[in-house]
Amino acid sequence: MGDANVDGKCKMMSACSSAKLFLFMVPLVVVSGFLFVNPTSFLTSLSTNQISPPLPSYPSLPPAAPSPSPPTSSLSTNAESIQGNYNRTIQLNPTNIASTSSNVTSTASLKLMKKRVISNLEKIEFELQKARVAIKAASMNDPLDDPDYAPLGPMYWNAKAFHRSYLEMEKQFKIFVYKEGEPPLFHDGPCKSIYSMEGNFIYEMETNTRFRTNNPEKAHAFYLPLSVVKMVRYVYERDSHDFSPIRKTVRDYIDLVGDKYPYWNRSIGADHFILSCHDWGPEASFSHPHLGQNSIRALCNANTSERFKPRKDVSIPEINLLTGSLKGLVGGPSPSSRPILAFFAGGVHGPVRPVLLQHWENKDSDIRVHKYLPKGTSYSDMMRNSKFCICPSGYEVASPRIVEALYSGCVPVLINSGYVPPFSDVLNWASFSVIVSVEDIPNLKTILTSISPRQYLRMYRRVLKVRRHFEVNSPAKRFDVFHMILHSIWVRRLNVRIREV
């Protein structure tokens, strides 16, 4: 009886052992079969069964320099490729797989794989990409509310895209101002002259805390705070016709910041910018080849015949602030109180003005063109009493008369060749100014009188609306000239064309 029990127990144990062996061998054979056929297909199969449905796609980061990573087997490399950008984890059974093939990477080793560290530059570019998407989508959305000003009307190529871009700029744009250099050549500039934008912009950048950052790792753009006006005054030897001292000053400064910081060399100057209103600003920018070719140049003298590139460079207004403020400069009577059709007074220099004076000086009571104003006549009063203000280029294409006309409520008449008007990537100048070629100067009166009273009133009202973008304020106000200059730099850093969105 006891032997029977023992025999029965042995039979049961033998059956159990056979069952266990069978249960052990089946998964082992199956796993071995998968691995023998194709390890990659095995991982793919696992990823298909274990990974949840694909995550939604997001804008991808730009390619970055490869960062060092621990050595991995071919299978771990495949695992990485399957994981992708969303850190999808593949769960492998270490007991079954490790016992079958030494080429299979276990879960423990996968956990040891380090994620590639995203650099600050990649984080910045990712945020910029989100801004690009928002700007491009703005055209399809309703206009945004704004407590101060909501761009609207034909004065803008794309008012909604501009507004969204401006708000994105306010939200995240940061500029690092290099601290190197001493006044007066650096961190200084004129604030009470025809070149006043140099000094005003430098002053705002030095004192503004909203857009300036002291941490260059968080900067989207880098400002080289040099003043060409001050270099002409303190470095250039008058009447020497020797530009080399200015070239050397600019070149030495860039070499200094390039040696001290990694940011200039990182982009070869592409995310750096300068600002100059002097006639020699474009020439000074080519003192260093990468500054002229790669960097953003904010220039008053925005002449395409002198290598100004509208897609890369920024045209800024030339503003003559004799007192350093706008007091008494902004405002004028209504259209019904402007008896003069068109007005100009100024010196004869450059290729355009001699042609204008030849055809119109003291020859027509409606077209008031003077080399010198009659005694007792006020220049500003003549502008305020005129419907159209003629703004021909002089030695250089830019003229402070354009902004003076806007301040006075006078519709500008632009006569030049190769000039890119300020902020023309946002503003549709044809909607609030008259653009006349040099060849059409003899037909000036015909052109102006062909504009109907109704159309003139439209242009007049648009002038009053856009002039806020040319006003100088201290401290700066939203949508004024300081912020418009920043916005022009911002969209070039984004590489977004507001006009083409």
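None of the values given here were measured: they were computed from a predicted structure. For the numbers below, each heavy atom of this structure counts, side chains included, while hydrogens, waters and symmetry mates do not. We're numbering straight along the sequence, starting at 1.
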Do [X] and [Y] have side-chain N/O donor and acceptor atoms under 3.5 Å apart?
{"X": "Ser276", "Y": "Glu198", "value": "yes"}
{"X": "Ser165", "Y": "His487", "value": "yes"}
{"X": "Asn303", "Y": "Glu396", "value": "no"}
{"X": "Gln455", "Y": "Tyr460", "value": "no"}
{"X": "Lys218", "Y": "Gln172", "value": "no"}
{"X": "Ser196", "Y": "Asn320", "value": "no"}
{"X": "Asn215", "Y": "Thr213", "value": "no"}
{"X": "His272", "Y": "Tyr178", "value": "yes"}
{"X": "Asp480", "Y": "Asn473", "value": "yes"}
{"X": "Glu206", "Y": "Tyr223", "value": "no"}
{"X": "His220", "Y": "Asp271", "value": "no"}

Practice task
Look at the side chain of Ser295 and the backbone N and O of Gly269, then say whether any donor-acceptor pair between them is shorter than 3.5 Å.
Solution key: yes
Problem - Main-chain N/O of Pro333 paired to Arg338 side chain as donor or acceptor, under 3.5 Å - result: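 Present.
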Taking atom [atom1] of [X] as the centre, report whether more than 12 heavy atoms of other residues, nucleotides or ligands fall under 6.0 Å from it.
{"X": "Lys312", "atom1": "NZ", "result": "yes"}
{"X": "Lys171", "atom1": "NZ", "result": "no"}
{"X": "Asp145", "atom1": "CG", "result": "no"}
{"X": "Leu373", "atom1": "CG", "result": "yes"}

N-O pairing of [X] and [Y] below 4.0 Å:
{"X": "Glu127", "Y": "Lys130", "answer": "yes"}
{"X": "Lys248", "Y": "Asp252", "answer": "yes"}
{"X": "Glu182", "Y": "Lys230", "answer": "no"}
{"X": "Glu168", "Y": "Arg164", "answer": "yes"}
{"X": "Lys445", "Y": "Asp364", "answer": "yes"}
{"X": "Glu217", "Y": "Lys174", "answer": "no"}
{"X": "Arg478", "Y": "Glu170", "answer": "yes"}

Restricting to non-hydrogen atoms, name the atom on [X] and the atom on [Y] that form the minimum distance, rounded to 0.1 Å.
{"X": "Met383", "Y": "Ser408", "answer": "CB-OG, 3.9 Å"}
{"X": "Ser227", "Y": "Ile202", "answer": "CB-CD1, 4.4 Å"}
{"X": "Glu122", "Y": "Ser119", "answer": "OE1-N, 3.0 Å"}
{"X": "Pro282", "Y": "Ser285", "answer": "O-OG, 2.6 Å"}
{"X": "Ser378", "Y": "Ser380", "answer": "OG-OG, 3.1 Å"}
{"X": "Met169", "Y": "Leu486", "answer": "SD-C, 3.8 Å"}

Exercise for the section: Please lay out, stage by stage, how Leu326 and Glu471 fare under the test side chain to side chain contact (heavy atoms under 4.5 Å, CB included). Expected result: CA-CA 8 Å; Leu326 294 181; Glu471 293 178 359; 3.7 Å; yes
Does [X] reach the side chain of [Y], with side-chain heavy atoms less than 4.5 Å apart?
{"X": "Lys160", "Y": "Met140", "value": "no"}
{"X": "Met155", "Y": "Asn428", "value": "no"}
{"X": "Pro412", "Y": "Leu406", "value": "yes"}
{"X": "Phe482", "Y": "Phe201", "value": "yes"}
{"X": "Val438", "Y": "Asp440", "value": "no"}
{"X": "Leu341", "Y": "Thr449", "value": "yes"}
{"X": "Asn385", "Y": "Pro339", "value": "yes"}
{"X": "Trp429", "Y": "Pro422", "value": "yes"}

Practice task
Kindly write out the residues that satisfy salt bridge (Lys or Arg N to Asp or Glu O under 4.0 Å) with Arg492, not counting sequence neighbours, or none if the list is empty.
Solution key: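 Salt bridge (Lys or Arg N to Asp or Glu O under 4.0 Å) list for Arg492, sorted by chain: Asp425.
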Practice task
For salt bridge (Lys or Arg N to Asp or Glu O under 4.0 Å), just list the numbers for Glu361 and Lys371, CA-CA rounded to whole Å, side-chain angles, deciding distance to a tenth of an Å, and then say yes or no.
Solution key: CA-CA 7 Å; Glu361 183 181 15; Lys371 185 186 303 181; 5.0 Å; no
Exercise for the section: Any chance you could measure Arg311, atom CZ, to Asp313, atom CG, to the nearest 0.5 Å? Expected result: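 One gets 12.5 Å once the value is rounded to the nearest 0.5 Å.
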Problem - Straight-line distance of Ile254 CD1 to Asn265 CG, nearest 0.5 Å - result: 11.0 Å
Practice task
Evaluate the criterion side chain to side chain contact (heavy atoms under 4.5 Å, CB included) for residue pair Val413 and Ile415; output intermediate values, then yes/no.
Solution key: CA-CA 6 Å; Val413 179; Ile415 307 178; 4.3 Å; yes
Problem - Geometric cation-pi criterion Arg493 and Phe173, 6.0 Å radius, 45° cone - result: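 Cation-pi check for Arg493 and Phe173: fails.
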Exercise for the section: Please say whether the positively charged group of Arg467, taken as NZ for Lys or CZ for Arg, lies over the ring of Tyr407, i.e. under 6.0 angstrom from the six-membered ring centre and within 45 degrees of the axis. Expected result: no
Problem - side chain to side chain contact (heavy atoms under 4.5 Å, CB included) between Val420 and Phe308, worked out - result: CA-CA 9 Å; Val420 179; Phe308 181 88; 4.0 Å; yes
Practice task
Just grab all the ring pair (Phe, Tyr, Trp, His ring centres under 6.0 Å) pairs involving residues 370-389, residues at least two apart or on different chains.
Solution key: Phe343-Tyr379, Phe388-Tyr456
Problem - Plane angle bin for Tyr263 and Phe222 - parallel if under 30°, tilted between 30 and 60°, otherwise perpendicular - result: parallel
Practice task
Applying disulfide (SG to SG under 2.5 Å), name anything that partners Cys391, two or more places apart in sequence or on another chain.
Solution key: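 Cys391 satisfies disulfide (SG to SG under 2.5 Å) with no other residue.
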Practice task
Would you check, one step at a time, whether the test side chain to side chain contact (heavy atoms under 4.5 Å, CB included) holds for Arg497 with Val491?
Solution key: CA-CA 7 Å; Arg497 316 289 178 223; Val491 294; over 6 Å; no
Practice task
Step by step, work out the ring-ring contact (aromatic ring centres under 6.0 Å, His included) result for Phe344 and Trp360.
Solution key: CA-CA 10 Å; Phe344 168 79; Trp360 295 105; over 10 Å; no
Between [X] and [Y], is the ring centre distance below 6.0 Å?
{"X": "His483", "Y": "Phe211", "answer": "yes"}
{"X": "Trp490", "Y": "Tyr166", "answer": "no"}
{"X": "Trp157", "Y": "Phe162", "answer": "no"}

Handout entry: Verdict with supporting geometry, Asp148 and Lys477, salt bridge (Lys or Arg N to Asp or Glu O under 4.0 Å)
Key = CA-CA 10 Å; Asp148 295 323; Lys477 297 179 181 179; over 6 Å; no
